[in-house]
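One structure below.
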Amino acid sequence: MSDKVRVRYAPSPTGYIHIGNLRTALYNYLFARHSGGKFILRIEDTDQARKVEGAVGNIISTLDWAGLDYDEGPVKGGECGPYYQSERLGIYKEHTDILLNNKKAYYCFCTSERLTALREEQQRQKAAQTKYDKHCLSLSEDEIAKKLSEGIPHVIRLNVDPCAKIKFQDEIRGEVEFTGEVIDDQVLVKSDNYPTYHLANVVDDHLMKITHVIRGEEWLPSTPKHVLLYESFGWKPPVFAHLPLLLNPDRSKLSKRQGDVAVEDYKKKGYLREALVNFIALLGWTAGDDREFYYLDELITSFSLDRVNKSGAVFDILKLNWLNAEHLRKKTDSELLGMLRLELSESKYSSLEFSDEFLLNVITAMIPRVSFIKEILEKGFYFFEEPALYDEAVIKKRWKSDSSAILCKYAEKINQYSSPQKEDFETALSETAAEMNVGNGDVIHPLRLAVSGVGGGPGIFDIVYIIGKEKTINRINRISEKLKS
RNA sequence: GCUCCCAUCGACUAGGGGUUAGGUCGCCACUCUUUCACAGUGAAAACACGGGUUCGAAUCCCGUUGGGAGCGCCA
């Protein structure tokens, strides 16, 4: 079937994957999977100067991390390869020759100095827009041949008719129209013989039989150039869909400076892939109902381009955090255990040994209180080490002159059990309070301070049961010494 | 400056001629909990402005204002 959906994600290997690019990839992926089409990965490495070592590997592993598997592309291969533009130079050459023969494109021998001067002059004269003056268009065949044989550096430009009207249907925005007047004679082939984005992109999209070009809104202004190229080749353009931008809190295009922008950063910070994917899917798209929680396969089922929004969306980290907590709470115990063990192995507690039972108890106690697994180590540090100091505010509020005596009594009580259960810790506490003639709170709060050093956290009986009798008694003795009075 | 795109609570959004303009995050309060969370309940919070069209406009049209993006031998 020739009308089978084929979409692509076409990043340039200049480093990390930007969160906005991940969303573009995601929408392409969702659209492809929803319609039973193909999702293609193509590496746009035509800029020699910006190439970054290892970037392709990073792109592939990031897509893999997010769960966006592609059907054709680097490593995997496919019928329309190669999938690196740097390996398709011959193809671009063939196609520029077609354009040159058609007179749709022409050689330009202008130096960058002349171009800069031209641009400055136009700016000085407050021209409506700066654009190439078609200076080299008037060169004769002989002049061109001569310059070429002399090896004079040159580029190849698209010959744009200023009177042309370029109209296209955008799947998200409707009809968009430009006039040729505002379109520059775009460089198609650079002096190093590499194609620019515009040429390579159009040629590859056509040859790779791409049916829908789903990309960021920043491409909208150059789409008329692409449409012109399709027309120049006599090809049918694909359907265009320009996605709204992801924005900083100040509504400028999402960028570093105002927060993390690399998918890597979010991964490092402990965000779950499910949460990130869920979150960015909702930035610019909604199924129309009130649903907020989705897994990837559910997104595939629900996704459609016609419910994508037109306006930019601010990346709100607070909502991402919430979704992360939601996804975390949906994890099974064994998944959480694995995650906690991994976190532990990378922490200062890496040399310590903990049983599965102990860790599972900690997870149960802490999971409603955290948004990230690593927070279990941060907020629940007292499960892994003795508190080094005690929260001053809590001391002031909860530590009374008789607290030490009360806790010692409690220590004696629990010491009578060989292996106290949670209920035993509780019984011991009410007995202590009764015998000391104080309220339960007069035991509970100092006890919490003694074992955890802080004023909040899981139920006190959960904590003491989890850390055990020995440690509880040790910590009671320790605080009694430290806070004599 | 020019071109194009956009405009509902602080944020993400639903609604697309007649709605008490709905939901989610966040914020606040209450309930639960002798703590902190989770959970539950409730509150505050929006149709940028001006003209049309219409019996009736958040919704359609025009303009204004505001915001954004693009204007490279980068992608």
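Chain letters run A, B, ... following the sequence lines, proteins first and then strands; every chain starts at 1.
For the P atoms, the distance from rA46(B) to rG10(B) is 7 Å, rounded to whole Å. A distance of about 26 Å separates the P atoms of rC25(B) and rU34(B), rounded to the whole Å. Annotation: rU59(B) and rG50(B) have their P atoms spaced 12 Å apart (nearest Å). Going from the C1' atom of rA44(B) to that of rC9(B) covers 10 Å, rounded to whole Å. When the P atom is used for both rC12(B) and rU54(B), the distance is 36 Å, rounded to whole Å. Across the P atoms, rC4(B) and rU64(B) are found 13 Å apart, a figure rounded to whole Å.
Nucleic acid contact class of Ile444(A) (heavy atoms, under 4.0 Å, all strands): base. When heavy atoms are screened at a 4.0 angstrom cut-off, Gly457(A) is found touching base atoms of the nucleic acid. Within 4.0 Å (heavy atoms only), Thr46(A) reaches sugar-phosphate atoms of the nucleic acid but no base atom. Arg448(A) comes within 4.0 angstrom of a base, heavy atoms only. Across all strands shown, Gly216(A) has no heavy atoms under 4.0 Å from either base or sugar-phosphate atoms. As judged by a 4.0 angstrom heavy-atom cut-off over every strand, Arg124(A) is placed among residues making no nucleic acid contact. Within 4.0 Å (heavy atoms only), Pro458(A) reaches at least one base atom of the nucleic acid. Counting non-hydrogen atoms under 4.0 angstrom, Ser222(A) reaches nothing in the nucleic acid. Using a 4.0 Å heavy-atom criterion, one finds that His445(A) contacts the sugar-phosphate atoms exclusively. Using a 4.0 Å heavy-atom cutoff across all strands shown, Arg119(A) reaches sugar-phosphate atoms only and no base atom.
Side-chain atoms of Glu335(A) and Thr332(A) form a donor-acceptor pair, as typed in the model, at a separation below 3.5 Å. Side-chain polar atoms of Asp265(A) and Tyr271(A) form no donor-acceptor pair below 3.5 angstrom. Between the side chains of Asn248(A) and Ser255(A), at least one donor N or O lies within less than 3.5 Å of an accepting N or O. Between the side chains of Asn309(A) and Ser311(A), not a single donor N or O lies within less than 3.5 Å of an accepting N or O. If you check the side chains of Asp45(A) and Ser86(A), you find a donor sitting under 3.5 Å from an acceptor.
Residue Asp462(A) contributes atom CG, which lies 13 Å from atom C1' of rA37(B) at whole-angstrom precision. Taking atom CH2 of Trp322(A) as the reference point, atom C1' of rU13(B) lies 13 Å away to the nearest angstrom. Across the protein-nucleic acid pair, Ile43(A) atom CD1 and rA75(B) atom P stand 14 Å apart, rounded to whole Å. What separates CZ of Phe315(A) from C1' of rA11(B) is a distance of 12 Å, to the nearest Å. Atom NZ in Lys319(A) sits about 9 Å away from atom P in rU13(B), given to the nearest Å. Remark: C1' of rU13(B) and CG of Leu247(A) are 15 Å apart, rounded to the nearest angstrom. One interatomic measurement links the two molecules: OH of Tyr294(A) to P of rC25(B), which rounds to 15 Å at whole-angstrom precision. Atom CD in Glu292(A) sits about 13 Å away from atom P in rC12(B), given to the nearest Å.
Within the structure, a side-chain polar atom (N or O) of Asn309(A) is placed less than 4.0 Å from OP1 or OP2 of rU13(B). Arg307(A) has a side-chain polar atom (N or O) that falls below the 4.0 Å cut-off from OP1 or OP2 of rG15(B). For rU35(B), the OP1/OP2 oxygens have no side-chain nitrogen or oxygen of Arg369(A) closer than 4.0 Å. The phosphate of rG1(B) has neither OP1 nor OP2 within less than 4.0 Å of any side-chain N or O from Lys131(A). Residue Lys190(A) places at least one side-chain N or O under 4.0 Å from the OP1 or OP2 atom of rC74(B).
Atom CD of Glu181(A) has 12 or fewer heavy atoms from other residues, nucleotides or ligands within 6.0 Å.
Counting distance only, with no hydrogens placed and no angle test, the side-chain atoms of Ser191(A) and the base atoms of rC73(B) include a donor-acceptor pair under 3.5 Å.
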Give each protein N/O atom lying under 3.5 Å from an N/O atom of nucleotides 3-7 of chain B, with the pair distance.
residue : atom : partner   : partner atom : Å
rC5(B)  : O2'  : Arg173(A) : NH1          : 2.7
rC5(B)  : O2'  : Glu217(A) : OE2          : 2.9

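Pairing of rC71(B), defined by two Watson-Crick or G-U wobble distances under 3.5 Å, is identified with rG1(B). Look at rC60(B): its Watson-Crick or wobble partner, with both distances under 3.5 angstrom, is rG52(B). With both pairing distances under 3.5 Å, rG26(B) is matched to nothing as a Watson-Crick or G-U wobble pair. Of all nucleotides present, only rC6(B) satisfies the Watson-Crick or G-U wobble test against rG66(B), with each distance under 3.5 Å. Base-pair partner of rU19(B): not found among the strands shown (Watson-Crick or G-U wobble, both distances under 3.5 Å). Figure legend. rU31(B) is base-paired to rA39(B); pairs are counted as Watson-Crick or G-U wobble with both atom distances under 3.5 Å.
Ring geometry, Phe425(A) versus Tyr465(A): the interplanar angle exceeds 60°, so the pair is classed perpendicular (tilted spans 30 to 60°). Taking the six-membered ring where the residue is Trp, Tyr197(A) and Trp219(A) present parallel rings, their angle staying beneath 30° rather than reaching 60°.
Out of rA11(B), rG23(B), rU34(B), the shortest distance to the side chain of Asn440(A) is found at rU34(B). Across rG72(B), rG23(B), rA69(B), the shortest atom-to-atom separation from the side chain of Thr130(A) is found for rG72(B). In the set rA69(B), rC73(B), rA14(B), rA69(B) carries the atom at the smallest distance from any side-chain atom of Leu245(A). The side chain of Asp47(A) has rC74(B) as its nearest neighbour among rC25(B), rC38(B), rC74(B). Closest approach to the Thr196(A) side chain among rA75(B), rU24(B), rU35(B) is made by rA75(B) (side chain taken as heavy atoms from C-beta onward). Nearest to the side-chain atoms of Val155(A) among the listed nucleotides rG10(B), rC73(B), rC38(B) stands rC73(B). Looking at the side chain of Glu44(A), the nearest of the listed nucleotides rA75(B), rA11(B), rU13(B) is rA75(B).
Of all heavy-atom pairs between Ala428(A) and Lys413(A), the closest is CB-CB, 3.9 Å.
In terms of position on RNA chain B, the residue among Lys253(A) and Pro11(A) whose nearest nucleotide sits closer to the 5' end is Lys253(A). Positionally, the nearest nucleotide of RNA chain B for Asp316(A) lies more toward the 5' end than for the other of Asp442(A) and Asp316(A).
Interatomic distance, Ile156(A) CD1 to Lys93(A) NZ, rounded to the nearest 0.5 Å: 7.0 Å.
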Item to complete: Step by step, work out the ring-ring contact (aromatic ring centres under 6.0 Å, His included) result for His327(A) and Phe293(A).
Response: CA-CA 8 Å; His327(A) 278 275; Phe293(A) 188 94; 4.1 Å; yes
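When each of Glu171(A), Glu217(A), Arg215(A), Arg173(A) is checked for a side-chain hydrogen bond (donor to acceptor under 3.5 Å, both in side chains) with His242(A), only Arg215(A) meets the rule.
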